[in-house]
Engineer: 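I'd like to ask you about the structure that follows.
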2 protein chains.
Amino acid sequence: MISGVKIPTTRNGKATFNIIVETAIELFYINGYHSTTIGNITSEAGIGAGTFYLYFANKKALYTYILMEFQHDIRKRIATKVNQVEGRFEKEKEGLKTFIKYALENPHSYNIIWESLYIDRELFINYYDTFAKRYEVGLKESVEKEEMYDVDTELVSYILMGVSNFIGLKVLLKLGDNNSNVDQIVDNVMNIIRTGIFK
Amino acid sequence: MISGVKIPTTRNGKATFNIIVETAIELFYINGYHSTTIGNITSEAGIGAGTFYLYFANKKALYTYILMEFQHDIRKRIATKVNQVEGRFEKEKEGLKTFIKYALENPHSYNIIWESLYIDRELFINYYDTFAKRYEVGLKESVEKEEMYDVDTELVSYILMGVSNFIGLKVLLKLGDNNSNVDQIVDNVMNIIRTGIFK
DNA sequence: TCATAACATGAAGACTTATTCAATAAATAT
DNA sequence: ATATTTATTGAATAAGTCTTCATGTTATGA
């Protein structure tokens, strides 16, 4: 499937594969990708050093596999939630809320996605480029339905991704004050986006 | 001054110090912090391996020095430009434009600042926390002058930093289309922020 | 010009890490 | 029950990197 990754066939093999992935997610989060060695992963996972290479060609293949998993997961979750509400404003609100809550429940994913810029720029570009393109589809529909002004949907998707990511950052890293009530933060942000800030 | 950094006193020493810094900025940008070795830096700079340690205790001390320089530089430039125009809207527009242009002229700085999250989380937090706090000062003044609604200035500062950073990202990495005309991009973004996107 | 402080060198040693591979075990199909 | 595929091990090797230090050079002020 993904190059450099060998999916095991047996029950045992799958268990070993999974423990490698879970351990790596944790260690990448705590110490970062570059400071995590294959030795760290195997010893923490309680397996032999050589076992790693049964399933992954190297550390980057493992990282790429994990990134793809999170990517799939987060997109699916946002899409599901957004489909449950009507109207562009409500959809954006739900999307932002889902993103922040996902990041809070799963801080590993947030870190790993951003870190891709410093592991393989292609991965990072691919991630945000495709995210933006999918975002645009929904925005264009809303423009057609006249729920939104006739804005540059590409720019708007980057603006909204920027807002989501930095509010996520603030909440995750507890930057500044008032980071506890996610629903209220999202309400405030959406009100600011709706009303604007300038008189 | 900064711990782990020895500033040279003579003309020759300063030249060597500078070539280390310039070479490192370039290599950190091209290959990233973690993939850049002291050996890479010294050989690329054309100096002996031991010379590095005359001025820097280790790679992180050098990185921190570079980060601080960029931080100082970019803030000063934005402050100068923003002071030349009147009204909050014009100030924000000028700030965004200056930020993007700085990033374009100096893509090294952008990379190095973001990478700090994966080198030393403290550095990253400190960077955005103090940036946000300074941002808030201006925003609060504008609220008092009634140029802006009575918004949560902390949230607004993170929203605007998110927008700046992701538009910067788009332009720098050439994500999507239309990344050539910075003035026009900034005009579009500011119009979106002013008018809002929702009908 | 000479003493002194600053600057510069790069080989050497200590350390860390990735990766292979021959040997072994476990699971599964026939 | 046996053959065969799959999974596992960890010592050994190879490669890379940091950092020190004994030695040498350069600049400069008295």
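A, B, ... follow the sequence lines: proteins, then strands. Residue 1 opens every chain.
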Engineer: Base, sugar-phosphate alone, or nothing: which one does A/Leu54 contact when heavy atoms must sit under 4.0 Å apart?
Structural biologist: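 It contacts base atoms.
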Engineer: Reckon B/Thr51 has a side-chain N or O less than 4.0 Å from the OP1 or OP2 of C/dC7?
Structural biologist: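 Indeed not, no polar side-chain atom of B/Thr51 lies that close.
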Engineer: Using whole Å, what does the distance between atom P of nucleotide C/dC7 and atom CD1 of B/Ile47 come to?
Structural biologist: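 So the two atoms are 13 Å apart, to the nearest Å.
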Engineer: Whether A/Thr9 contacts D/dA7 is assessed here as follows: a side-chain N or O lying under 4.0 Å from the phosphate OP1 or OP2. Is that the case?
Structural biologist: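 Answer yes for this pair, as a side-chain N or O of A/Thr9 is under 4.0 Å from OP1 or OP2.
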Engineer: Mapping B/Ala49 and B/Pro8 onto DNA chain C by nearest heavy atom, which one lands closer to the 5' end?
Structural biologist: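 Closer to the 5' end of DNA chain C: B/Pro8.
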Engineer: Check the distance between D/dT17's C1' and B/Leu62's CG and give it to me in whole angstrom.
Structural biologist: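 Between C1' of D/dT17 and CG of B/Leu62: 16 Å.
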Engineer: Do A/Val82 and A/Glu92 make a side-chain contact, defined as non-hydrogen atoms from C-beta onward lying under 4.5 Å apart?
Structural biologist: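 They are not in contact (no side-chain heavy atoms under 4.5 Å apart), so the answer is no.
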Engineer: Answer yes or no: does a side-chain N or O of A/Thr10 lie under 4.0 Å from OP1 or OP2 of C/dA26?
Structural biologist: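 For C/dA26, OP1/OP2 do not have a side-chain N/O of A/Thr10 under 4.0 Å.
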Engineer: In this structure, how many angstroms lie between the P atom of C/dA8 and the CD1 atom of B/Ile19, rounded?
Structural biologist: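 In whole Å, C/dA8 P and B/Ile19 CD1 are 11 Å from each other.
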Engineer: Closer than 4.0 Å, any side-chain N/O of B/Tyr53 to the OP1 or OP2 of C/dT9?
Structural biologist: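 B/Tyr53 to C/dT9 OP1/OP2: no side-chain N or O under 4.0 Å.
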Engineer: Is any side-chain nitrogen or oxygen of B/Asn12 closer than 4.0 Å to OP1 or OP2 of C/dC7?
Structural biologist: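 Answer no for this pair, as no side-chain N or O of B/Asn12 is under 4.0 Å from OP1 or OP2.
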Engineer: Over all strands shown, is A/Gly39 touching base, sugar-phosphate only, or nothing at heavy-atom distances under 4.0 angstrom?
Structural biologist: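 Answer is sugar-phosphate: A/Gly39 comes under 4.0 Å of backbone atoms only.
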Engineer: Over how many whole Å does the gap from A/Lys59 atom NZ to C/dT16 atom P extend?
Structural biologist: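 My rounded result for the distance is 16 Å.
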Engineer: Between C1' on D/dC18 and CG on B/Asn40, what's the gap in Å once rounded to a whole number?
Structural biologist: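 The answer, rounded to whole Å, is 13 Å.
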Engineer: Give one of base, sugar-phosphate or nothing for B/Tyr55, where a contact means two heavy atoms less than 4.0 Å apart.
Structural biologist: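 Touches sugar-phosphate only.
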Engineer: With B/Tyr65, which of B/Phe70, B/Phe17, B/Phe28 fulfils ring-ring contact (aromatic ring centres under 6.0 Å, His included)?
Structural biologist: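 The passing option is B/Phe17.
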Engineer: Check the distance between C/dA18's P and A/Tyr63's OH and give it to me in whole angstrom.
Structural biologist: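 It works out to 17 Å between those atoms.
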Engineer: Answer yes when B/Glu105 and B/Arg77 have at least one side-chain N-carboxylate O distance shorter than 4.0 Å, and no when they do not.
Structural biologist: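 Between B/Arg77 and B/Glu105 there is a salt bridge, with a charged N closer than 4.0 Å to a carboxylate O.
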Engineer: So for atom CD, which belongs to B/Glu147, do other residues, nucleotides or ligands contribute more than 12 heavy atoms lying within a distance under 6.0 Å?
Structural biologist: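 Yes.
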Engineer: Considering the options A/Glu141, A/Lys140, A/Lys133, which one meets the side chain to side chain contact (heavy atoms under 4.5 Å, CB included) requirement together with A/Val137?
Structural biologist: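 Only one option passes, and that is A/Glu141.
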Engineer: Between atom CD1 in B/Ile7 and atom C1' in C/dA6, what is the gap in whole Å?
Structural biologist: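 Interatomic distance, CD1 of B/Ile7 to C1' of C/dA6: 15 Å.
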Engineer: In whole Å, what is the span from the CD1 atom of A/Ile38 to the P atom of D/dG10?
Structural biologist: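 Spelled out: CD1 on A/Ile38 to P on D/dG10 is 17 Å.
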